[in-house]
Amino acid sequence: MKLFSLSKNERIKEKKNIQNLIQDGSSVFSSKNSLKAIYLIKDSNEPGVKIAVGISRKAGKAVWRNRIKRLIKNAYRINKIPLVNSAKENKKQILILFTSSGYNELRNKKLDYREITEEVKSVLDKIERKVSGRLK
RNA sequence: UAGACAAACCGGGCAAUUGCUUUCCGAUAAAAACGGAAAGAGGAAAGUCCGAACUUCAUAGAACAGGGUGCCGGAUAACAUCCGGGUGUUCCGAUAAUUCGGAACAACUGACAGUGCCACAGAAAAUAUACCGCCUCGACUUUGUCGGGGUAAGGGUGAAAAGGCGAGGUAAGAGCUCACCGCUUCGACAGCAAUGUCGGAGGCAUGGCAAACCACACCCGAAGCAAGGUCAAGUAUAAAGGUCGUUUCUCUUUUGAGAAGCAGAGUUGUUCGCUCGAAUGAUUCCUGAUUGGAAUCGCGAUCUUUGGGUAGACCGCUGGAUCCGAACAGUAAUGCUCGGGCAAGAUAAAUAAUUGCCAUCCCAAUAAACAUUGUUGGGAGAACAGAAUUCGGCUUACAGGUUUGUUCUUAUC
RNA sequence: GCGGCAGUAAUUCAGUGGUAGAAUGCCAGCUUCCCAAGCUGGACGUCGCGGGUUCAAGUCCCGUCUGCCGCU
C-alpha cells in the first residue's frame, strides 16, 4: 500500500453513494469558506475513506474545473493519513464530497496550490475531530 | 534593416520527488493488491454552423409538404468547402482618357408566370399622369381672367420620375430624325462553358425589392454512440407449473381493532429456546343434519422453469476517405504509385502536482555606443484553451516565436 | 454528447420593413394640516454585439456573446 496514493478504491464511483451523500450527509466549510465538504460517517466492516470532487458547471470552464479538481485531489492525498488512521481505529467508513463554494473562475483565475492545501487541511481536520469524538 | 500585410509552421525544454489512466510482463484457476516496462490532449480538442461514415427505425415505388443550394468549369465520399476562370461593385494608384494596373468583396437564376410592397414628400411610385411652366384656340368685364386642346424640354419632391448627351426639327415639344454612349436582339469568330471581340438590326418597349410570397433547376427519409448490440444482481417484477396453507378467540352497529397461533422467516452449522408472524373468501358436490371431507376459482407462502429487463459489466471504441517522405500527372485544388510508421481511449470521467535550472520577456544599474550589444541584480516564466463514436470543412478565441513572399505609400541607414 | 427557446426603458412585457410603445417604478407640480390614494406633466433606449440585403432594419439573412430549459 502506497502512502500518498489515490487509486480507484479511494474514490466514490457509484451513483447511489453520491446521492445518499447529498441527501443524508452533513456539511463543513473550510477556514476561508472557499471550499465546502459534504460528509457521511457510518459503521462498516471495511473501514476507510472515500472521496469525490464535484465542481459546478457554473464555476468556470472545463480547463479551470479540471485544474481545481486535480489540485484538491492532490492536496487530499498528501494530507489524508491522519484521517484514514482515525477511521480505521474507530471502524468507520467515511464518504466525503468536496465542492467549491467560494471559488469560481471570474474571481480566482489563477489557482494557488498552497492556498488550496490549507483549505483542504482545515476541512480534514474538522472531520477527523468528529470521527474521533473530540468535537461535540 | 525595421514596420505593415499575406501564407505556412511552432506554440515551451531538462532534471528530481510524489501521483493518475490504459496495455503488457512478473503469473498463476481467477480476482484484488504489489513491482517493472511502454504509451498517454489541440491548433483550435471549443462553438455545434454545414457535409459524410456508422447504427437503429421505416421500406413496393413515387409524389406532395417542409428544408437547403443557385455565374461557369474542375476537385472531392460529400458539402454552404477548396482550386481555376468570367462578370459586377467599391477602394487605391497612374493617366489626356470612357484607358491601364493592383487590392478587397459578392445568396452572382428569374421582376413581360402570377400575387404583393414602395412610408413621408410629390401632379404622378407603374395601365403613366398635367401642379407650376411652355405653345395654341375660344369667350369675356382685354398689361388680365376663365374654359378647351397640344406638350415630359425646364421647375419642384423623393432613395428612385419612364434611356443619357449634342445637333436637327417644331406653334411648343417629343427616338420624331441623326451621330456617339448605354440597352435589347441576330449573326460570325475565340472559348468545354460562363463570357468576350467584331459586324448588323431594333428605336427604347419591361423603375426597384425575390436575404417579400413565389417560379425554375438541382439536392435532402427520420433520429442520433445518452445510436445500437451482448450478458445480467435484486424478498423490483410478468407468465406457467408443483407443494402447503386459507385457523381460533375477544371487542365493535359496520368498516375494523386486539390477542393467540399454523406454514414460513430471522437469530452462528444443528437442536431447543426466543423474536417476527401471511392470506378473503366464494361456488358446487358427498353426508339425514352439524362437524368433517373433496373439486373449481380467488388469495397467501414457498420451490422450479421461462420472459422482458433496471443497477451494473462488456462490445460499439479506435487501423482510418489514416499519418510521414519521395517520384509522376495537373496552372491549382487534388489524384495516383512506391517506401516507411501505428501514435490517448477515460466514463462522478486519466494525461497531474511541487521544487530547481534554462530558453524567452520586463525593470534597474553599469561599460562601449548610430541602431544596439555585453555584464550584474531583481521580477515573471505566461495566450486561448481539455479528447468523450470517428472523419472533411467553416466560424470564433489566442501571449510569444520561426520561415517565406509583397511593399506605390511609413521610419532609419 | 445531443436538441430547443429567449435577449427592447430601472422592472414586466407589446411592437405588419417606414418618427420605438404600454403598465409598474422614478422625478416635479396640484390636492392635504401631514402622509397615502387621486389628477397633471416630465425624464428614462448602443432594441445583447458585429457584419450584410434594402432608399430605409428592433423586424429579413449570416456570424458571435450571454442566459434559460429539455433528453439520462
Side-chain angles (χ1 to χ4, degrees):
Chain A
M1 193 73 168
K2 294 188 219 170
L3 270 183
F4 300 110
S5 69
L6 184 63
S7 62
K8 270 184 176 177
N9 292 334
E10 294 174 76
R11 283 179 278 160
I12 306 176
K13 310 290 270 188
E14 296 83 16
K15 221 174 206 175
K16 273 185 193 168
N17 277 343
I18 292 170
Q19 278 174 353
N20 284 346
L21 190 53
I22 292 169
Q23 277 184 3
D24 305 330
S26 28
S27 51
V28 144
F29 288 88
S30 63
S31 54
K32 289 179 187 169
N33 285 333
S34 51
L35 288 182
K36 178 185 173 189
I38 303 174
Y39 68 96
L40 192 63
I41 304 172
K42 54 184 180 183
D43 299 321
S44 171
N45 299 328
E46 303 170 9
V49 184
K50 287 191 171 194
I51 68 153
V53 184
I55 306 295
S56 163
R57 216 178 192 185
K58 291 175 184 173
K61 292 184 178 173
V63 173
W64 188 91
R65 296 202 305 269
N66 277 343
R67 183 167 161 77
I68 193 169
K69 278 150 93 176
R70 284 167 181 155
L71 291 177
I72 289 172
K73 281 191 246 173
N74 216 8
Y76 168 77
R77 71 178 177 81
I78 300 290
N79 297 292
K80 70 174 182 176
I81 297 172
L83 183 63
V84 173
N85 287 341
S86 161
K88 281 181 180 169
E89 281 169 21
N90 294 286
K91 290 199 174 178
K92 304 275 188 189
Q93 190 184 32
I94 308 174
L95 303 180
I96 309 177
L97 174 66
F98 290 96
T99 61
S100 67
S101 73
Y103 274 125
N104 60 47
E105 192 175 3
L106 279 177
R107 274 187 286 171
N108 309 76
K109 176 82 179 172
K110 283 189 187 178
L111 291 163
D112 184 27
Y113 173 69
R114 286 187 200 119
E115 196 183 320
I116 288 175
T117 304
E118 288 306 308
E119 298 287 275
V120 170
K121 260 187 182 171
S122 72
V123 167
L124 293 181
D125 196 43
K126 282 182 188 178
I127 295 174
E128 198 266 327
R129 273 186 281 169
K130 266 234 164 110
V131 170
S132 56
R134 274 183 276 149
L135 197 74
K136 286 155 202 170

Which way is the base of [N] turned, syn or anti, if we draw the line at 90° from 0?
{"N": "G330(B)", "result": "anti"}
{"N": "A301(B)", "result": "anti"}
{"N": "U318(B)", "result": "syn"}
{"N": "G261(B)", "result": "anti"}

Can you tell me how far [atom1] in [N] sits from the matching atom in [M], rounded to whole Å?
{"N": "A75(B)", "M": "G392(B)", "atom1": "C1'", "answer": "13 Å"}
{"N": "U268(B)", "M": "A236(B)", "atom1": "P", "answer": "23 Å"}
{"N": "U395(B)", "M": "U354(B)", "atom1": "C1'", "answer": "40 Å"}
{"N": "G173(B)", "M": "A212(B)", "atom1": "P", "answer": "45 Å"}
{"N": "A111(B)", "M": "A94(B)", "atom1": "C1'", "answer": "41 Å"}
{"N": "G381(B)", "M": "G401(B)", "atom1": "C1'", "answer": "15 Å"}
{"N": "C204(B)", "M": "G164(B)", "atom1": "C1'", "answer": "12 Å"}
{"N": "U54(C)", "M": "C117(B)", "atom1": "C1'", "answer": "12 Å"}

Whole Å only: how far is the [atom1] atom of [X] from the [atom2] atom of [N]?
{"X": "Ile72(A)", "N": "U354(B)", "atom1": "CD1", "atom2": "P", "result": "14 Å"}
{"X": "Arg65(A)", "N": "G386(B)", "atom1": "CZ", "atom2": "P", "result": "8 Å"}
{"X": "Leu71(A)", "N": "C20(B)", "atom1": "CG", "atom2": "P", "result": "17 Å"}
{"X": "Tyr76(A)", "N": "U18(B)", "atom1": "OH", "atom2": "C1'", "result": "16 Å"}
{"X": "Lys73(A)", "N": "U351(B)", "atom1": "NZ", "atom2": "P", "result": "6 Å"}
{"X": "Asn66(A)", "N": "A348(B)", "atom1": "CG", "atom2": "P", "result": "14 Å"}
{"X": "Asp112(A)", "N": "A382(B)", "atom1": "CG", "atom2": "P", "result": "14 Å"}
{"X": "Lys61(A)", "N": "A46(B)", "atom1": "NZ", "atom2": "C1'", "result": "9 Å"}

Practice task
Could you check Ala52(A) against Arg70(A) and say which one's nearest nucleotide on RNA chain B is further toward the 5' end?
Solution key: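 Looking at RNA chain B, the more 5' nearest nucleotide goes with Ala52(A).
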Starting from the 5' end of RNA chain B, give me the residue, Tyr113(A) or Trp64(A), whose nearest nucleotide shows up first.
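Of the two residues, Tyr113(A) wins.
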*Indicate, with a heavy-atom threshold strictly under 4.0 Å, whether Arg11(A) touches base, sugar-phosphate, or nothing.*
sugar-phosphate
Donor-acceptor pair, [X] side chain versus [Y] backbone, under 3.5 Å?
{"X": "Asn79(A)", "Y": "Ala75(A)", "value": "yes"}
{"X": "Lys126(A)", "Y": "Phe29(A)", "value": "yes"}
{"X": "Ser122(A)", "Y": "Ser31(A)", "value": "yes"}
{"X": "Ser30(A)", "Y": "Glu119(A)", "value": "no"}

[N] pairs with, by Watson-Crick or G-U criteria that keep both distances under 3.5 Å:
{"N": "G67(C)", "value": "C5(C)"}
{"N": "A289(B)", "value": "none"}
{"N": "U59(B)", "value": "none"}
{"N": "G377(B)", "value": "C363(B)"}
{"N": "C180(B)", "value": "G164(B)"}
{"N": "A44(B)", "value": "none"}
{"N": "U197(B)", "value": "A188(B)"}
{"N": "C34(B)", "value": "G26(B)"}

Distance in Å, Ile55(A) CD1 paired with Arg65(A) CZ, rounded so as to fall on 0.5 Å steps: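 With rounding to 0.5 Å, CD1 (Ile55(A)) is 9.0 Å from CZ (Arg65(A)).
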### Message
Which residue is it: Lys73(A), Lys80(A), Lys50(A)? I am looking for the one with a side-chain hydrogen bond (donor to acceptor under 3.5 Å, both in side chains) to Glu10(A).
### Response
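Going through Lys73(A), Lys80(A), Lys50(A) one by one, the side-chain hydrogen bond (donor to acceptor under 3.5 Å, both in side chains) with Glu10(A) is satisfied by Lys80(A) alone.
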| task | Find out if a path of hydrophobic residues (ILVMFWY) with successive side-chain heavy-atom gaps under 4.5 Å connects Val123(A) to Tyr113(A). | result | yes
**Message:** Tell me whether the side-chain N/O atoms of Arg114(A) come closer than 4.0 Å to OP1 or OP2 in U355(B).
**Reply:** yes
- May I ask you to verify if any side-chain N or O of Arg77(A) is less than 4.0 angstrom from the OP1 or OP2 atom of C20(B)?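 So the side chain of Arg77(A) is outside the cut-off, no N or O lying under 4.0 Å from OP1 or OP2 of C20(B).
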